[in-house]
Protein chains: 2
Amino acid sequence: MTSSDTGRPRGGTSGKRRAILDGALAVFARDGYSRASIDAISAEAGVSTRTVYNHFTDKAGLFQAVIQESASRAAAAQIEIIERHLRKVTDLEADLMEFGLAWAMPMAADHDAHFALVRQINADAGHIPQEAIDAWQETGPLRVRRALAAHLSRLTERGLLRTDDPERAALHLFLLISSVNPSYHRVTPSEKEIADMVTAGIRAFLYGYAAR
Amino acid sequence: MTSSDTGRPRGGTSGKRRAILDGALAVFARDGYSRASIDAISAEAGVSTRTVYNHFTDKAGLFQAVIQESASRAAAAQIEIIERHLRKVTDLEADLMEFGLAWAMPMAADHDAHFALVRQINADAGHIPQEAIDAWQETGPLRVRRALAAHLSRLTERGLLRTDDPERAALHLFLLISSVNPSYHRVTPSEKEIADMVTAGIRAFLYGYAAR
DNA sequence: TACTTTTTACAACGTGCGTTGTACTTTACC
DNA sequence: GGTAAAGTACAACGCACGTTGTAAAAAGTA
């Protein structure tokens, strides 16, 4: 067994909880809810299985805590990118392009884990309590989409864009700049491939495919 | 060695095999691979569990047979829609719109099950043999996308569209007309909601969001 | 009817896993 | 150092599940 003990005896109170959440995120993202075992999670966290149950009521509770935190963190990072690139827009196409690049490039260590977890949620939605899904959507995807929609709305008022439904436009923009095939690939795409995809996505978002 | 699952039970009518495949599709799509139990599948199929093992080597083999057939059937139906609407295009926007509507409306009984299964594959890709995923992609999504790309290419040659990468354009079109939020909703969207989504998607595909 | 093939019910084995109790050890804090 | 809280090892329970064997029944075929 790979005893990757990242969390040795730490100061303060309950650094164990952090380790459990991180380990659980990794395992849930990789294996999905039903495959993920508490043993695997506790091993990944460098913690005894009993400690997991001292911090969380049961597997379902741990899962909901994990997806909630993952959504919160990822949303914060994504909103930060949105704000940084779209707060002041001078050259629309160039600024959107930089935004798309920053968006699509791996932003953090748990970047892949987060999106793998989203896929798991997406597939497992039928077995997750509706309130948990609603809460997750609210603190995660919906919040981000609204943040982007607000900026698109401002850009529309400035006459740079045109749309009567900024939320839908935000969804379209997300789809177009994230269009790299989700999984299926064992290898992560190169920077150039990502850049090509983002470029094509932004162009499509701005100008579409109709002949001029 | 799960590629060719020609069962030994030969001769006569083995309608059981059909029932197993159908039941397994329903259960795998609803519960995912690891949650789905052979008992549940055989119950759904109206068959004893032993019969399942008389037709398929094991759970993994059954799963691969199911996803392969589901991909094949869905791809055939989708390609049929593509051909019907894009073989002869007179009014680009109107024809694309009708195509999008036909695409997004539930096409068959196993429509929902198929896309739920796609979500499961998408999430479980890390636990499915690479050859199985490649084969599935080839008979399913890639084949469909190439079919659409071929038509977009023809439309480009006719001067109705512009793109130097028809495959990517096909992907973008798919994303834009399928942008209804995948799961999360217990209720299926109304026809009007689907129509609105398709309309917005087609408009975005053709003209984008840049101010004219 | 007699046969062959297919299906079924049933039991059984092994295993993995969620979860809990318990007694022991480590850590945090005064 | 001493006390309380947190963490650990370990065992155990119960259950669900994949898979196989077997003998009886059903269905198809001659």
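Side chains included, hydrogens not; waters and symmetry mates left out as well; all remaining heavy atoms used. Order of the sequence lines sets the chain letters (A, B, ...), proteins ahead of strands, with each chain counted from 1.
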(Q) Rounded to whole Å, how long is the line connecting atom OH of Tyr53(A) with atom C1' of dA9(D)? (A) 16 Å

**Q.** From CD1 (Ile82(A)) to CZ (Arg145(A)), nearest 0.5 Å
**A.** 11.5 Å

Q. Would Arg84(A) and Glu98(A) pass as an ion pair if we require N to O under 4.0 Å?
A. no

Q | Presence of His55(A) side-chain N/O under 4.0 Å of dA6(D) phosphate oxygens OP1/OP2 | A | no

Q. If we ignore angles and hydrogens, is there a donor and acceptor under 3.5 Å between the side chains of Thr51(B) and Ser48(B)?
A. yes

(Q) So Ala36(B), base contact, sugar-phosphate only, or nothing? Heavy-atom distance under 4.0 Å. (A) sugar-phosphate

Between the protein and nucleotides 8-12 of chain C, which nitrogen or oxygen pairs come in under 3.5 angstrom?
{"residue": "dT8(C)", "atom": "OP1", "partner": "Lys16(B)", "partner atom": "NZ", "Å": "3.3"}
{"residue": "dT8(C)", "atom": "OP2", "partner": "Ser48(B)", "partner atom": "N", "Å": "3.1"}
{"residue": "dT8(C)", "atom": "OP2", "partner": "Ser48(B)", "partner atom": "OG", "Å": "3.4"}
{"residue": "dT8(C)", "atom": "OP2", "partner": "Thr51(B)", "partner atom": "OG1", "Å": "2.5"}

Q: For His127(A) and Asp31(B), test the side chains for any donor-to-acceptor distance below 3.5 angstrom and give the result as yes or no.
A: yes

Q. So, Thr139(A) and Ser72(A): side-chain donor and acceptor under 3.5 Å apart, yes or no?
A. no

Q: Pick base, sugar-phosphate or nothing for Ala40(A), based on heavy-atom distances below 4.0 Å to the nucleic acid.
A: nothing

Q: List the atom of Trp136(A), the atom of Pro141(A), and the distance in Å for their closest heavy-atom pair.
A: O-CD, 3.6 Å

Q) Taking CD1 from Ile38(B) and P from dC17(D), how many angstroms apart are they, rounded to a whole number? A) 11 Å

